[in-house]
Amino acid sequence: MKETQGGAALKNRELFIKQLVQYIDTPVIKIITGIRRCGKSYLLKLLATTLRERGVESERIIQIDFESLSFEAYRHYRPLYDHIMERAKGLEGKVYILMDEIQEVEQWEKAIRSFAVDLDCDIYLTGSNAHMLSGELATYLTGRYVELELYPLSFREYLDFYDVEASRKSDVEDAFYEYVRYGGFPGLHQLPREEDIKSQYIKGIYNSVLLKDVVQRNSIRDPELLERVLVYIMDNIGQIFSAKRIADYLKSQGKSVGVESIYNYIAALENAMILYTAKRYDIKGKKILERMEKYFLVDQGLRYGMLGYRQNDIAQLLENIVFLELLRRGYRVHVGKEGDAEIDFIAEKKQEKLYIQVTYLLATEAVVEREYGPLTRTGDSHPKMVLSMDRIPVGVQGGITWMNLVDFLLE
């Protein structure tokens with residue numbers, strides 16, 4: 001795709017655009033969800049380019065971005081419906097409707113369902129709320145939509161955006177440590193490389209998401225307390241803890257808050273797609289355990305924007321990166337409980353199950369035992385893998401595969 005935006009060629013998010021393209025002209029509404037600034041608008045531009053390459057005339061592609069004041073008048077389902085119907089009048093052939101941040105439109109689902117009935121059209125929507133299709137709304141559009149979740153850049157996409165050749169190992173490793181620090185929000189690649197500029201950009205995303213998608217949308221009365229909860233979680237990414245532990249910590253800081261309120265804050269952060277929860281799974285008992293979960297960020301760059309970069313925390317950041325990569329690949333992910341030990345991830349997809357341990361370096365025998373030991377005690381034959389940043393191949397031990405973490409991200 002060679003179309004340009006602001007003089008620069010549009011980068012192709014190949015992994016996701018392939019997934020989206022297979023739904024072109026299918027009789028379902030395509031809804032793309034993801035945190036703000038993860039590339040949803042960009043994806044719609046790529047989609048419009050694909051449609052034109054397939055011979056669709058520009059006038060049959062109707063694009064609306066509801067973050068723009070240009071379309072403020074259509075933030076209610078009725079004027080939106082009238083506007084689209086007017087633009088579609090007299091056009092020959094299927095109309096392609098691409099609308100960005102549709103949750104800004106009051107009762108948007110009424111207009112969308114009517115377009116599906118009244119027009120020969122193919123509809124693509126984006127939204128920044130994980131539960132925009134829950135409850136009554138899902139019932140309203142039942143059987144009429146497919147939801148696709150978009151994340152910030154994977155490391156493979158990151159290399160493409162920054163024009164790094166995957167065959168140049170030293171360049172790849174340098175790029176990876178930048179990725180660990182700054183994360184994968186696509187807009188970063190258009191900025192100068194100065195650390196202060198990148199930090200301010202990330203903080204801008206953080207503040208925008210927190211204000212628009214969490215505080216305002218959930219009518220939160222104490223934004224400062226919400227932020228304290230989020231910063232605590234950021235500081236403990238990849239650690240198992242409970243809402244009570246957060247409440248106890250805040251109490252020690254002079255802030256009294258109930259456990260239920262903490263869970264409400266966490267739910268609001270999940271809805272805004274800032275946080276993801278990995279529940280614990282008891283391998284021997286074969287059941288999901290309540291409470292004491294792990295939390296992960298949608299992008300490790302958000303942590304850098306708020307807390308800076310600390311080399312001692314690299315193991316947590318690597319775990320966060322692997323967790324998101326597993327979600328991108330379509331896995332359901334739990335944390336494994338094996339007796340008193342922990343397995344970082346149990347990843348499942350259809351009939352496939354994979355156990356994964358993530359560590360920075362297998363530097364000592366104690367670390368090797370900590371990572372390999374729980375995997376050897378699972379008592380089943382599912383594939384097991386240890387990922388680390390070691391460069392010297394470790395090989396297979398007791399049927400457990402080792403792989404360099406960067407190579408895993410690029411496979």
Side-chain angles (χ1 to χ4, degrees), residues 35-38 151-153 155 158 174-189 191-215 220 222-243 245-255 257 262 265-266 268-270 272-278 293-325 327 335 344 358-361 389 405:
I35 190 172
R36 289 181 191 266
R37 302 292 173 263
C38 74
Y151 304 94
L153 300 178
F155 183 56
Y158 184 90
D174 289 344
F176 181 69
Y177 283 107
E178 284 198 351
Y179 180 71
V180 170
R181 180 186 295 257
Y182 300 122
F185 282 104
L188 283 168
H189 90 285
L191 301 177
R193 301 185 78 88
E194 283 83 353
E195 186 168 340
D196 287 349
I197 294 174
K198 290 181 180 291
S199 177
Q200 287 302 315
Y201 178 81
I202 294 167
K203 285 178 182 176
I205 294 174
Y206 171 89
N207 290 330
S208 175
V209 172
L210 207 66
L211 179 63
K212 290 183 179 179
D213 295 327
V214 185
V215 174
I220 288 176
D222 192 344
E224 192 242 347
L225 183 58
L226 167 74
E227 188 163 18
R228 284 186 180 224
V229 171
L230 179 54
V231 168
Y232 180 92
I233 293 173
M234 285 181 169
D235 204 24
N236 292 276
I237 284 299
Q239 305 297 316
I240 292 174
F241 58 88
S242 65
R245 185 183 298 180
I246 302 176
D248 290 344
Y249 167 77
L250 292 174
K251 186 177 181 180
S252 74
Q253 302 295 305
K255 284 281 186 179
V257 57
I262 298 290
Y265 284 147
I266 290 172
L269 292 165
E270 288 178 312
M273 311 183 100
I274 298 174
L275 282 186
Y276 291 84
T277 301
E293 303 93 349
K294 276 191 180 184
Y295 297 98
F296 294 95
L297 287 168
V298 69
D299 188 86
Q300 65 278 5
L302 290 173
R303 188 181 192 270
Y304 165 76
M306 294 309 297
L307 303 179
Y309 179 74
R310 301 187 298 241
Q311 177 65 23
N312 290 342
D313 294 343
I314 190 167
Q316 293 174 255
L317 298 173
L318 295 178
E319 196 170 328
N320 200 108
I321 288 168
V322 171
F323 175 80
L324 263 293
E325 182 63 23
L327 294 188
V335 176
D344 290 331
V358 180
T359 191
Y360 178 37
L361 294 171
M389 293 300 293
L405 193 148

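All residue numbers in this chain count up from 1 along the given sequence.
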Colleague: Let me confirm one number: the CD1-CG distance from I262 to L226, rounded to the nearest 0.5 Å.
Modeller: 9.5 Å
Colleague: Do I314 and Y177 have side chains that get closer than 4.5 Å, going by heavy atoms?
Modeller: yes
Colleague: Minimum heavy-atom separation for Q316 and N236, please, with both atom names.
Modeller: NE2-C, 3.7 Å
Colleague: So does M234 get a backbone contact from the side chain of R303, meaning a donor-acceptor N/O pair under 3.5 Å?
Modeller: yes
Colleague: Indicate yes or no: at least one non-hydrogen side-chain atom of K255 is less than 4.5 angstrom from one of D222.
Modeller: yes
Colleague: Can you confirm whether E178 sits close enough to D174 that some side-chain heavy atom of one is under 4.5 Å from a side-chain heavy atom of the other?
Modeller: no
Colleague: How many angstroms lie between OG in S208 and CD1 in I35, if you round to the nearest 0.5 Å?
Modeller: 9.0 Å
Colleague: When you measure from the side chain of N320 to the backbone of F296, do you find a donor-acceptor pair of N or O atoms at a distance under 3.5 Å?
Modeller: no
Colleague: Of all heavy-atom pairs between P186 and C38, which one has the smallest distance, and what is that distance?
Modeller: CG-O, 3.4 Å
Colleague: Would you check if the distance from the ring center of Y179 to the ring center of F155 is below 6.0 Å?
Modeller: yes
Colleague: Side chains of D344 and V335, heavy atoms from C-beta outward: is any pair under 4.5 Å?
Modeller: no
Colleague: Do L188 and I202 have side chains that get closer than 4.5 Å, going by heavy atoms?
Modeller: yes
Colleague: Supply the atom-to-atom distance Q311 CD to Y360 OH, rounded to the nearest 0.5 angstrom.
Modeller: 5.0 Å
Colleague: Heavy-atom distance under 4.5 Å between the side chains of L230 and Y206, does that happen here?
Modeller: yes
Colleague: Determine, using ring centers only, whether Y276 and Y295 are less than 6.0 Å apart.
Modeller: no
Colleague: Have E227 and Y265 got a donor and an acceptor in their side chains that come within less than 3.5 Å?
Modeller: no
Colleague: With a 3.5 Å distance limit and no angle check, can you tell me whether K294 reaches the backbone of G238 through a side-chain donor-acceptor pair?
Modeller: yes
Colleague: State plainly whether the residues E194 and K198 are in salt-bridge range, i.e. N to O under 4.0 Å.
Modeller: no
Colleague: Working to the nearest 0.5 Å, report the span between CG of L275 and CG of L302.
Modeller: 9.5 Å
Colleague: Using atom types as modelled and distance alone, determine if a side-chain donor or acceptor of S252 lies under 3.5 Å from a backbone N or O of Y249.
Modeller: yes
Colleague: Return the OH to CZ distance between Y309 and R181, rounded to the nearest 0.5 Å.
Modeller: 6.0 Å
Colleague: What pair of heavy atoms forms the shortest contact from L318 to T359, and how long is it?
Modeller: CD1-O, 4.2 Å
Colleague: Testing the basics here: between Y158 and G183, what is the closest heavy-atom pair and its distance to 0.1 Å?
Modeller: CE1-O, 3.7 Å
Colleague: List the atom of V180, the atom of Q300, and the distance in Å for their closest heavy-atom pair.
Modeller: O-CG, 3.3 Å
Colleague: Got a second to check how far I233's CD1 is from I246's CD1, nearest 0.5 Å?
Modeller: 4.5 Å
Colleague: What about F241 and Y232, are their ring centers closer than 6.0 Å?
Modeller: yes
Colleague: P152 and D299: which non-hydrogen atoms are nearest, and at how many Å?
Modeller: CB-OD1, 3.5 Å
Colleague: With heavy-atom distances below 4.5 Å as the criterion, would you say the side chains of L250 and V229 are in contact?
Modeller: yes
Colleague: Can we say D313 and R310 salt-bridge, meaning some charged N sits less than 4.0 Å from an Asp/Glu carboxylate O?
Modeller: yes
Colleague: Are I240 and E293 packed together at the side-chain level, in the sense that at least one heavy-atom pair is separated by less than 4.5 angstrom?
Modeller: no
